Structure formats: structure tokens, C-alpha cells
There are 2 protein chains.
Amino acid sequence: MTMTTAEENYLKAIYHLSEGGTKSVSTNDIAAEMKTKPASVSDMLRKLGDKEVIEYRKYYGVNITEEGKKRALQTIRKHRLWEVFLVDKLQFAWDEVHEVAEELEHIQSPLLIQRLDAYLNYPKFDPHGDPIPDEFGDVRARPRVALNEMEIDQTGQIVAVKDSSAAFLRYLDKVGAYIGARIKVLDKVEFDGSLEILVDQKKTLFMSKDVAANILVIQS
Amino acid sequence: MTMTTAEENYLKAIYHLSEGGTKSVSTNDIAAEMKTKPASVSDMLRKLGDKEVIEYRKYYGVNITEEGKKRALQTIRKHRLWEVFLVDKLQFAWDEVHEVAEELEHIQSPLLIQRLDAYLNYPKFDPHGDPIPDEFGDVRARPRVALNEMEIDQTGQIVAVKDSSAAFLRYLDKVGAYIGARIKVLDKVEFDGSLEILVDQKKTLFMSKDVAANILVIQS
DNA sequence: TTATGAATTTAGACATGCCTAAAATAAAGA
DNA sequence: TCTTTATTTTAGGCATGTCTAAATTCATAA
Ligand SMILES: [Mn+2]
Ligand SMILES: [Mn+2]
Ligand SMILES: [Mn+2]
Ligand SMILES: [Mn+2]
């Protein structure tokens, strides 16, 4: 059973909104995520239900099926592998890759993805720190905490961002925060939750609570 | 003015059938090339005519416009650059690349193509020996002759194939003919036009006139 | 010159994917 | 229990791209 580009995009959105298939998802939330109208979503949900990649009960939201989860993870795998290719091989900045990967992820060729994976040396994480599912859909996730939830003197390494918008990524580049940076919380301001951070044992950085909440860290 | 994937595929077919814009092309020939029905072609010709990438006079075939030629060459450029990527970087065989490139050529990102070109070191020819147009659509073609038209004792180098079907390419692999091979015509049989060829000064090869007619050579 | 036939276009239909406007439903409050 | 209202679905329509069947056109052969 083949899926169209539109169907793959919807299914991926449902997978993300359901937090990996653990929650049911509303029509309105899908419409917001896909930047379409709820009426268009209803049309698509019927189709995805017919293909049994979601369980669709009218008026009650949708749940992704095991088959659907497998499909979504394949698309996510392709998206993230292409992002690694664009950054590692073609010198794209991490804020330039998303839209192109959104197209490349729909290319149909198992051989292509297998060879790309090998060529990139079987990467486990994409340029935004998100894990790349293996060919069976298994994900090796790292336990992460949002930077704003860390306490003074705690240390760790930036591994991902929640907000992947170009604006946010460019801001991080500008201030010198990047995936892989080792950080230490030097101070937290009680009044507004803003933080003072030491980056790579040399650079001091101030950031608002809102910014810190979008930076994910593994503690060490 | 953006073009859909279908429009790009039709325009590319028209460019090839018109031999680079020098001939006018019939509806039936386009239908055969695109594996669709003439009725579908008529529909599409009206659209391409409206967009002024072809000149369409009902019942009299089409001619590609300068704008259309430019567009077609951009798609061809992308197709051939991706073929080089697949063969040089991902170890695809030359008979495995066409279908995937047929999809990849429609990815919309000027930056991607520019970077890919640089990454591949600005190749001038694809794995089948066909020239890669530059970003302005200029093609540096090499004067070629079909192998069956060469005379005894003449020498040259295989630079391209006319027939890119997987079956033909696999046959060439099997007998040891490849793009770049240096060849010499040892004998020609008058009766059926078949040839005896010396490849790389060491291997002798017999081939039918039909096979030789699909192998293109620059003479030396 | 006119009939014939091949090539081509048009008519009408269907699938996908999107929209707006209207109708239906479920959940919550009075 | 009976509204009210936000959410969701349906109805109807439009664009793209395909098809079959019917109509049209052009070229050519009698
Ligand atoms: Mn996508
Ligand atoms: Mn990513
Ligand atoms: Mn194509
Ligand atoms: Mn080629």
C-alpha cells in the first residue's frame, strides 16, 4: 500500500502531535499543524482511516495505529538522514535544512536511504539533536531536560532544540550555543527565571527563561 | 511562474523529442514517450501553451520556446547532477540511477543544486556520458559518432549510450564496455554489420550492429 | 474534388487535495 | 434536562491530472 506525499505529511504530523502515538489528536490541532482548514483534515482522516494507519472515530479525534507509527517513523528517518546530509556534506546551516528535507523525505527508494545511511556513517542524531529511527523504526532516545529546569552549578551538554524555526536557530548561532556545546548554569534570576550560562568553559551567556525552555540538555 | 512535477516531466520530454528544440513534436509521440494517452497530452499542451513554454497550434504539433528550453535544461541539469551523486557517492550502478533521479530532479531549491554541483566538483558529464548543462543552460557537447559507423582500425573512447535502459546497461557491464573505455575497431562483418572491438588494448569483444548503434564514441 | 482514415481534440468522468459555508454533534453550563 | 457553543463533519465547488469514447480535423489517395 503506497501513500501520497500529502498522506505522509499528515501521518507524520499526527505522530508528532500524539507524542509518539501515546495521545489521541484533534482535528483542529492537525489543521493548525498542517496550516490547512479543519474540513480538509476531516477529508484526509477518512482516507487515512481507510488505509488503517490511524483509528478514526468521527467527532472523537484519532489515534495512530502500529502500522501508522511504523510508516511515520520511516518518513521521519528519511527526513533526518537528509538533514544530516545537507549539513555534513553540503555545508547547509542547521536553520536552512528543514524545508528541503520536507521534500526529500518523500523520495521513494529503499536502496537510496540504505546507501545514504551508510554514506553518512549511520548517524544516530540529526543536526537539531533529534534521534534518527533505525530501519525498523526503533529510536534510541536520550533522557533530556529543558535548560530552564536545571539548577545552579549543574552541568550538561546541549543535545537538541524544541523550536527549530530559522529565527531561533539563527539566534542560537549568534550567541554561540550549538548542539554539542558543554554548558554549566552559573546563575538563575528568581524574578524572571532568566539564566547565566557558561559555554565550553569559556564564554558567558545570558538568556531568558523562554529561550532556555527551548534548549534540551543531557545532564552530566 | 512555478511548474508542477507533471509539467516539468512533459516539458523535458518535449525538449528531448524535439532534439533540443530544433524540431516540432507530435501529440502521439509525446504520449508514447510519457506512457499516457494522446487525450491527456492535449490537455497538458494547452496548459504549457498558456504558460508560454511551448508554442501550441492545435492539430499541428508543438515547438518549445526559448523560455521552455531554459526550463527544460534546468530540469535536465538537476537530473544529471543527481545521477552523478548516486553513482560517485552512493555507489549506485549506472543502470540503477534513472528512476530515482526522475524524482530527485523535481526538488525545488537553487541552493541545493548549487551546493551539490560544488560537492561533486562541477562535473561536465553524467554517468551515461551525457553533458550536464551549466546554471545558464549552456551545454558543452562533444562531437560523437555511433560505434557502428566507425571504420576498421579507427580508435576512440566510449562517451555515452543512446539507450539507457537497465537491460542494455547491464549487458554493457557484462561484456566490459563502459563510459571512458578506449576502443579500436578490429573488424567489421559486411554481411550483418557486426563488429569486433578491442577494449582498453587488451580485451576483444564481438557485438551486433544494433548494439554498436547505441554506443557513442569520440574519435581519436 | 471528395471520401477515407489516421491523428488529434473535446466531452464527460473520476481521483486527489484543497476551500467556504452550512449542518451536525458532543460537552458543558444553566 | 435543556440550551448554548466550540468542534467537527458534510455539502458543494474548484484545480490538477488522468482516462475512455465521441467528435473533429487534416492529409492523401481515389
Ligand atoms: Mn514532507
Ligand atoms: Mn531536524
Ligand atoms: Mn521526473
Ligand atoms: Mn543520464
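In what follows, chains carry the letters A, B, and so on, assigned in the order in which the sequence lines appear, proteins first and then strands, with residues in each chain numbered from 1. Values in this document were obtained by computation on a predicted structure and should not be read as measured data.
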Practice task
Give every residue pair that meets the ring-ring contact (aromatic ring centres under 6.0 Å, His included) criterion with at least one member in residues 72-97 of chain A, sequence neighbours excluded.
Solution key: A/H79-A/H98, A/W82-A/F85, A/F85-B/F85
Practice task
Tell me, yes or no, whether the heavy-atom count around A/E99 atom CD, taken from other residues, nucleotides or ligands under 6.0 Å, exceeds 12.
Solution key: no
Decide, yes or no, whether a salt bridge links [X] with [Y] under the criterion of side-chain N to carboxylate O below 4.0 Å.
X	Y	answer
A/D117	A/R77	yes
B/K12	B/E8	no
A/K70	A/E66	no

Could you list the donor-acceptor pairs under 3.5 angstrom formed between side-chain atoms of residues 41-53 of chain B and any protein atom two or more places apart in sequence or on another chain?
residue, atom, partner, partner atom, Å
B/K51, NZ, B/T2, O, 3.0
B/K51, NZ, B/E7, OE1, 3.0
B/K51, NZ, B/E7, OE2, 3.4

Fill in the blank from the handout: DNA chain C: first to last nucleotide in contact with chain A (atom under 4.0 angstrom from a heavy atom), 5' to 3', is C/dT16 to C/dA27
Practice task
Rounding to 10 degrees, work out the angle separating the end axes of the helix from C/dT1-D/dA30 to C/dA30-D/dT1 (five pairs an end).
Solution key: 30°
Fill in the blank from the handout: Students should find that the nucleotides of DNA chain D closing off the region near chain A, any atom under 4.0 angstrom from a heavy atom, are D/dT7 to D/dT10
Completion exercise
Closest heavy-atom pair, B/A72 versus B/I64, reported as atoms and distance to 0.1 Å, is CB-CD1, 4.4 Å
Exercise for the section: Go through the side-chain N and O atoms of B/S208 and B/D210 and say whether any donor and acceptor fall under 3.5 Å apart. Expected result: no
Handout entry: Listed once per pair and sorted, the salt bridge (charged side-chain N to carboxylate O under 4.0 Å, His left out) pairs that draw on residues 78-90 of chain A, sequence neighbours left out
Key = A/R80-A/D126
